[in-house]
Amino acid sequence: MSEIVCVNAVVSGRVQGVGYRFFVIEQAEKLGLGGYVTNLADGRVEALIEGPPEQVDELVRLLHKGPPQSRVDAVEILPGAPTGRTVFRVR
C-alpha cells in the first residue's frame with residue numbers, strides 16, 4: 001500500500017473572486033487527490049489536500065502560483081491526519 005499524507009493549506013492574497021478555488025479543484029483532480037477547498041471569511045482560502053506525497057507536494061507548489069488573475073502573498077502549510085478522502089470538492 002502506498003503512503004498517503006494530508007496537509008492543510010491556508011492561502012492569502014487576492015484569492016477570492018478570481019477563480020482560485022476552481023483552479024485548485026482542477027489541479028487536484030488532475031493529480032488524483034482528495035480533499036476540499038473553501039473561502040474563509042477573512043478573504044483567505046483554505047485547502048485540505050490528501051494523497052501520495054509527490055502529488056500533494058505538486059499541488060502545494062501550484063497553490064503558490066494560482067490562476068492568472070490571482071495574487072498569492074503567502075501559503076501556510078500545516079500537517080494533517082489522512083481521513084481517506086478520495087474526491088476533491090468545494091466546501
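Contact check for Pro52 versus Leu33: side-chain heavy atoms found under the 4.5 Å cut-off. Contact of the Cys6 side chain with the Leu48 side chain is registered, since non-hydrogen atoms from C-beta on lie closer than 4.5 Å. Taking 4.5 Å as the limit, every side-chain heavy atom of Asn39 sits out of range of all side-chain heavy atoms of Tyr20. With a 4.5 Å cut-off on side-chain heavy atoms, Ile77 and Asn8 do not count as touching.
Across Arg44 and Gln16, no two heavy atoms sit closer than the pair O-NE2, 2.8 Å. When every heavy atom of Val5 is checked against every heavy atom of Pro53, the shortest pair comes out as CG2-CA, 3.8 Å. When all heavy atoms of Val15 and Val45 are compared, the pair lying nearest together is O-CG2, 3.4 Å. In terms of heavy-atom proximity, Ile4 sits nearest to Pro82 at O-CG, 3.5 Å.
Side-chain heavy atoms closer than 4.5 Å link hydrophobic residues (I, L, V, M, F, W, Y) into clusters, and following such links, possibly through other members, connects Phe23 to Leu31. Taken together through direct or relayed side-chain contacts under 4.5 Å among Ile, Leu, Val, Met, Phe, Trp and Tyr, Val24 and Val72 form part of one hydrophobic cluster.
Applying the side-chain contact (heavy atoms from CB on, under 4.5 Å) test to Thr86 and every residue at least two apart in sequence or in another chain returns nothing.
A donor-acceptor pair is defined here as one N or O able to donate and one able to accept, closer than 3.5 Å; no such pair exists between the side chain of Glu50 and the backbone of Val7.
Considering CZ of Arg61 and CD of Gln27, their distance stands at 9.0 Å, rounded to 0.5 Å. For the atom pair Leu59 CG and Lys30 NZ, the distance stands at 11.5 Å (nearest 0.5 Å). We find the CD-OG distance between Glu46 and Ser12 to be 13.0 Å, quoted to the nearest 0.5 Å.
Through side-chain heavy atoms spaced under 4.5 Å, either directly or across other Ile, Leu, Val, Met, Phe, Trp or Tyr residues, Val10 is tied to Leu40.
Within the cation-pi definition used here (under 6.0 Å to the ring centroid, within 45° of the axis), Arg89 does not qualify as a partner of Tyr36.
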